[in-house]
S.K.: 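Dumping the structure here so I can ask a few things about it.
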Amino acid sequence: MAEHTVEAQLPGVFYRRPSPEAEPFVAEGDTVTADDTVGLIELMKSYHEIKAGVAGTVKSFLVDNEGDVDPGQGLVVIESN
Amino acid sequence: MIYEEPRFLPGGDRYMLIEFGDEMNLELNFRGQDLANVVAEQKTKGVLETAPCFASTLIHYDPELISFADLKKEMASLIEGLRPADDIELPSRLFYFPTVYLDPWTKECVEDYIAKIAKKTPDPEYVAELNGLSGVDQLVRVHSGTEYWVASLGFWPGLPFTMPLDPRCRLVAPKYNPPRTWTPKGSVGMGGMSTAIYPEHLPGGYQVFGRTPVPIWDTEKRFPVFENSICLFRPGDRIRFVPCSIEEFEHVEAQVADGSYQYNLVEYQKFSVAQYKEWVAGIDETQRF
Amino acid sequence: MFEVMNAGLETAIQDYPGRVGYWNQGFPPSGPMDHWSFRLANVLVGNEPGDAALECQFTGPELRFHEDTVVAVTGGDMQPHIDGEPIELWRSYAVKAGQTLKLSYAKTGARGYIAVAGAIRTEPWLGSRATFHKAGVGGFEGRAIQAGQQIPTGDASGGTPDMVVIPEARPELPSDKRWEIEVVAGPNDDWLDEAGVRTFLEADWKLSAKSDRTGYRLEGPGDRLTFADKAINKRPEHGSEPSNIIDQGYPNGAINLAGLTPIILVKDGPSMGGFINPFTVPTSGFWKLGQVRPGEVIRFRAISVDEAQRLAREMTRICSRESLRPA
């Protein structure tokens with residue numbers, strides 16, 4: 001078991017849900033595969049998917065929904081399998 | 001109001017906006033277009049391009065070649081020499097555009113805006129109410145009851161800014177606050193007293209209540225009307241919106257897709273400002289259709 | 001010629017000053033957002049300052065060169081590497097056929113520029129190679145570049161490797177996410193009242209993520225802007241909202257008051273419309289718009305037309321070989 005932090009590579013606004021009414025992509029405690037989407041970053045009027053990058057369990061979110069993010073900033077901590 | 005002296009307003013280090021007046025009428029539009037034409041013919045030193053609109057002309061200049069003060073002097077003298085609008089007679093093409101009024105596509109776009117961005121009365125009802133019409137059916141009757149004068153192109157390649165020629169069909173509307181993030185391609189709408197056709201899926205600020213399937217710009221020049229320019233219109237053209245059904249819209253859309261569509265326009269007419277003004281003078285502007 | 005291995009987020013061919021002469025048909029100039037970094041990238045490799053080169057937005061591309069040439073990377077720091085070895089910004093490098101140049105995400109700023117000796121030589125469209133991505137015109141097949149494309153370049157024999165831009169000639173990016181950007185009052189500044197002008201100039205405006213090469217949306221006290229009488233009591237054809245005006249030509253760089261939301265009209269922006277433009281960002285302040293990121297804060301500082309023209313002239317002087325020395 002190791003902790004993996006998913007980092008933003010783009011500046012913009014972080015979203016945990018695909019749309020305001022929808023359920024979050026993932027929640028703390030969920031298991032994910034490397035290819036699962038954990039959030040979106042809005043930039044240049046487009047939404048860019050953020051992938052988990054590793055398989056494991058979502059431990060915590062480091063940014064609020066609709067929070068501003070910068071490249072290199074940690075978004076989600078995943079405990080890898 | 002038409003200003004006695006035009007106003008010369010700076011836009012950053014490279015632009016000058018020349019305002020001729022504070023209303024929408026043909027005379028002001030001809031001032032703007034004529035100045036742009038004279039500047040192009042004379043190749044005025046330092047002027048890179050112009051953008052004339054309803055009551056103004058924007059000049060893009062190179063400050064290394066001409067100063068703001070000298071440009072102002074130069075423009076004032078050219079404006080002095082412009083011909084009076086009453087003398088103007090020019091060939092004017094008339095385009096017919098099949099248009100679905102109160103169509104499902106702009107309706108969906110407005111509903112999306114209301115749900116996600118801001119509450120408002122749906123556009124057709126809003127424009128009808130603001131202009132004292134009996135309802136959306138009269139909006140269609142009044143809006144489609146006149147020819148529209150293409151005053152200029154802008155906002156997006158080929159988008160026509162037009163004004164109604166029949167004073168009985170003048171409608172006014174505010175622009176969106178905040179603007180829409182998207183508008184269907186081919187939407188017909190208005191803001192202020194101007195009517196426009198959206199050439200593409202675009203953001204926008206006009207109230208929208210109709211849609212046409214006929215392309216107004218074409219980078220691939222698939223139709224002969226685009227031979228000389230990828231933009232369909234030029235200033236001085238006229239447009240008539242012909243109300244049609246969704247079935248007719250889809251028929252034309254299919255013809256556009258397979259390249260068999262015939263643009264519906266006539267080219268034998270001349271537009272005379274003096275005759276137009278004489279006709280308008282005899283009309284009761286308070287009458288609606 | 002070089003091959004696009006990976007395109008980056010939205011990387012496009014631009015030239016400077018772009019597609020000038022078609023504003024009356026609605027064609028924007030396009031061209032680089034940060035013209036300062038763009039011009040210096042060209043100058044570094046021996047090109048003319050306005051030659052066609054690449055603008056990379058937020059995440060850069062990976063390119064493989066098919067012939068020996070000279071390259072330079074400027075602008076925001078996209079961590080450029082040649083064959084896996086990090087290289088410096090603001091410096092020209094000789095590359096051999098087969099070598100790759102790879103950029104990553106922007107650690108500082110927002111846009112990076114890549115110039116190649118001999119410049120990009122795609123077919124000009126309406127007099128320019130600049131890309132208007134949203135409309136599908138100019139550049140390479142009308143759009144941002146895509147993986148697999150082969151981009152033609154000119155004769156690289158005049159390339160100038162191992163040159164650097166002197167530090168004083170490089171644009172400085174703020175370290176505290178706060179920008180001061182010059183504006184010139186007009187054309188429609190008299191539609192705001194004095195308090196409105198003050199509110200506009202004294203406010204912090206945050207750049208929205210809903211911003212791209214057509215327009216920069218600003219978040220701030222738009223609903224506290226106050227208007228002059230001419231914006232309230234006016235003829236109906238303007239439209240009834242205070243920021244509504246009879247449709248008019250828009251200067252590129254104008255700060256458009258769309259409803260009550262300021263939107264800066266940038267390189268692919270509209271040429272006309274029916275909202276007022278109380279202020280305009282002049283050439284000397286415009287390059288900053290190429291490097292400010294969403295979430296960062298802008299304050300505007302009013303300068304005169306004369307001052308704006310003087311600063312632009314100074315910048316043109318800086319964007320020349322005068323600013324280079326051997327590495």
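All values below were derived from every heavy atom in this structure, side-chain atoms included, with hydrogens, water molecules and symmetry-related copies excluded.
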S.K.: Are C:W125 and C:F27 an aromatic pair, judged by ring center distance below 6.0 Å?
M.R.: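 For C:F27 and C:W125, the ring centres are under 6.0 Å apart.
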S.K.: Among C:P282, C:P187, C:A308, which residue has the highest count of heavy-atom pairs closer than 4.5 Å to chain B?
M.R.: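 It is C:P187.
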S.K.: Looking at C:E182, C:R313, C:E241, C:K234, which one has more heavy-atom pairs under 4.5 Å with chain B than the rest?
M.R.: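 Sorted descending by pairs with chain B, the first entry is C:R313.
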S.K.: What residue in B:A196, B:P179, B:A173 has the most heavy-atom pairs under 4.5 Å with chain C?
M.R.: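 It is B:P179.
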S.K.: Which answer fits B:S67, side chain, backbone, both or neither, if we ask what part of it has an atom under 4.5 Å from a heavy atom of chain C?
M.R.: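 Interface part for B:S67: neither.
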S.K.: Evaluate the ring pair (Phe, Tyr, Trp, His ring centres under 6.0 Å) criterion for residues C:H238 and B:F54: first the C-alpha distance (whole Å), next the side-chain angles of each, then the deciding distance (0.1 Å), finally the verdict.
M.R.: CA-CA 11 Å; C:H238 288 287; B:F54 291 113; over 10 Å; no
S.K.: Let me know if B:L153 has heavy atoms under 4.5 Å from chain C in its side chain, its backbone, both or neither.
M.R.: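 Answer is both: backbone and side chain atoms of B:L153 are under 4.5 Å from chain C.
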S.K.: Begin from the C-alpha positions of C:W23 and B:H60 and carry the test ring pair (Phe, Tyr, Trp, His ring centres under 6.0 Å) through to its verdict.
M.R.: CA-CA 9 Å; C:W23 207 225; B:H60 179 191; 7.8 Å; no
S.K.: Chain B heavy atoms under 4.5 Å from C:Y22: which part of the residue, side chain, backbone, both or neither?
M.R.: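 Contact with chain B: backbone only.
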S.K.: In terms of heavy-atom proximity below 4.5 Å to chain B, should C:A135 be classed as side chain, backbone, both, or neither?
M.R.: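 Both backbone and side chain.
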S.K.: What residue, out of C:S284, C:G186, C:G21, has the most heavy-atom pairs lying under 4.5 Å from chain B?
M.R.: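 The candidate making the most pairs under 4.5 Å is C:G21.
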S.K.: So which part of B:L17 gets closer than 4.5 Å to some heavy atom of chain C, the side chain, the backbone, both or neither?
M.R.: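 Just the side chain, heavy atoms under 4.5 Å.
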S.K.: Who pairs with B:Q42 by side-chain hydrogen bond (donor to acceptor under 3.5 Å, both in side chains), at least two apart in sequence or on another chain?
M.R.: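 Result, side-chain hydrogen bond (donor to acceptor under 3.5 Å, both in side chains) vs B:Q42: none returned.
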S.K.: What part of C:N188 is in contact with chain B, defined as an atom under 4.5 angstrom from a non-hydrogen atom: side chain, backbone, both or neither?
M.R.: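 Contact with chain B involves the side chain of C:N188 alone.
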S.K.: If you count every heavy atom of other residues, nucleotides or ligands that lies below 6.0 Å from B:K72 atom NZ, does the total exceed 12?
M.R.: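 Atom NZ in B:K72 is not crowded, with 12 or fewer foreign heavy atoms closer than 6.0 Å.
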S.K.: Between C:K230 and chain B, with a heavy-atom cut-off of 4.5 Å, which part of the residue counts as in contact: side chain, backbone, both or neither?
M.R.: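 The answer is the side chain of C:K230.
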S.K.: With a 4.5 angstrom heavy-atom cut-off, could you sort out which part of B:E200 is near chain C: side chain, backbone, both or neither?
M.R.: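 Interface part for B:E200: neither.
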S.K.: Look at C:N277, C:L126, C:T283 and state which one has the largest set of heavy-atom pairs under 4.5 Å with chain B.
M.R.: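 It is C:T283.
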S.K.: What part of B:F155 lies closer than 4.5 angstrom to a heavy atom of chain C: side chain, backbone, both or neither?
M.R.: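 Its backbone and side chain both get close to chain C.
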S.K.: More than 12 foreign heavy atoms under 6.0 Å from NZ of B:K120: is that the case here?
M.R.: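 Counting neighbours around NZ of B:K120, more than 12 heavy atoms of other residues, nucleotides or ligands fall under 6.0 Å, so yes.
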S.K.: Quick check on B:L130 against chain C: is it the side chain, the backbone, both or neither that has a heavy atom closer than 4.5 Å?
M.R.: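 B:L130 has no heavy atom closer than 4.5 Å to chain C.
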S.K.: Select one option (side chain, backbone, both, neither) describing which atoms of C:F286 are under 4.5 Å from chain B's heavy atoms.
M.R.: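 It is neither, since no heavy atom gets under 4.5 Å.
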S.K.: Would you mind checking which part of B:R170 comes under 4.5 Å of any heavy atom in chain C, side chain (CB onward), backbone (N, CA, C, O), both or neither?
M.R.: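 No part of B:R170 comes within 4.5 Å of chain C.
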S.K.: Tell me, for B:F233 versus chain C, whether the close heavy atoms (under 4.5 Å) come from the side chain, the backbone, both or neither.
M.R.: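 Contact with chain C is absent: no heavy atom of B:F233 under 4.5 Å.
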S.K.: Examine whether an atom of C:V20 lies under 4.5 Å from a heavy atom of chain B, and if so say whether it belongs to the side chain, the backbone or both; otherwise answer neither.
M.R.: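 Contact with chain B involves both backbone and side-chain atoms of C:V20.
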S.K.: Using only non-hydrogen atoms and a strict under-4.5 angstrom cutoff, which residues of residues 264-272 of chain C touch chain B?
M.R.: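 Those residues of residues 264-272 of chain C which have a heavy atom under 4.5 Å from chain B are C:P270, C:S271, C:M272.
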S.K.: Flag the pair C:Y216 / C:W205 as yes when their ring centroid distance falls below 6.0 Å, and as no otherwise.
M.R.: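 So the answer is no for these two rings.
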S.K.: Between C:G273, C:G253, C:P236, which shows the greatest number of heavy-atom pairs under 4.5 Å with chain B?
M.R.: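 Highest number of pairs under 4.5 Å: C:P236.
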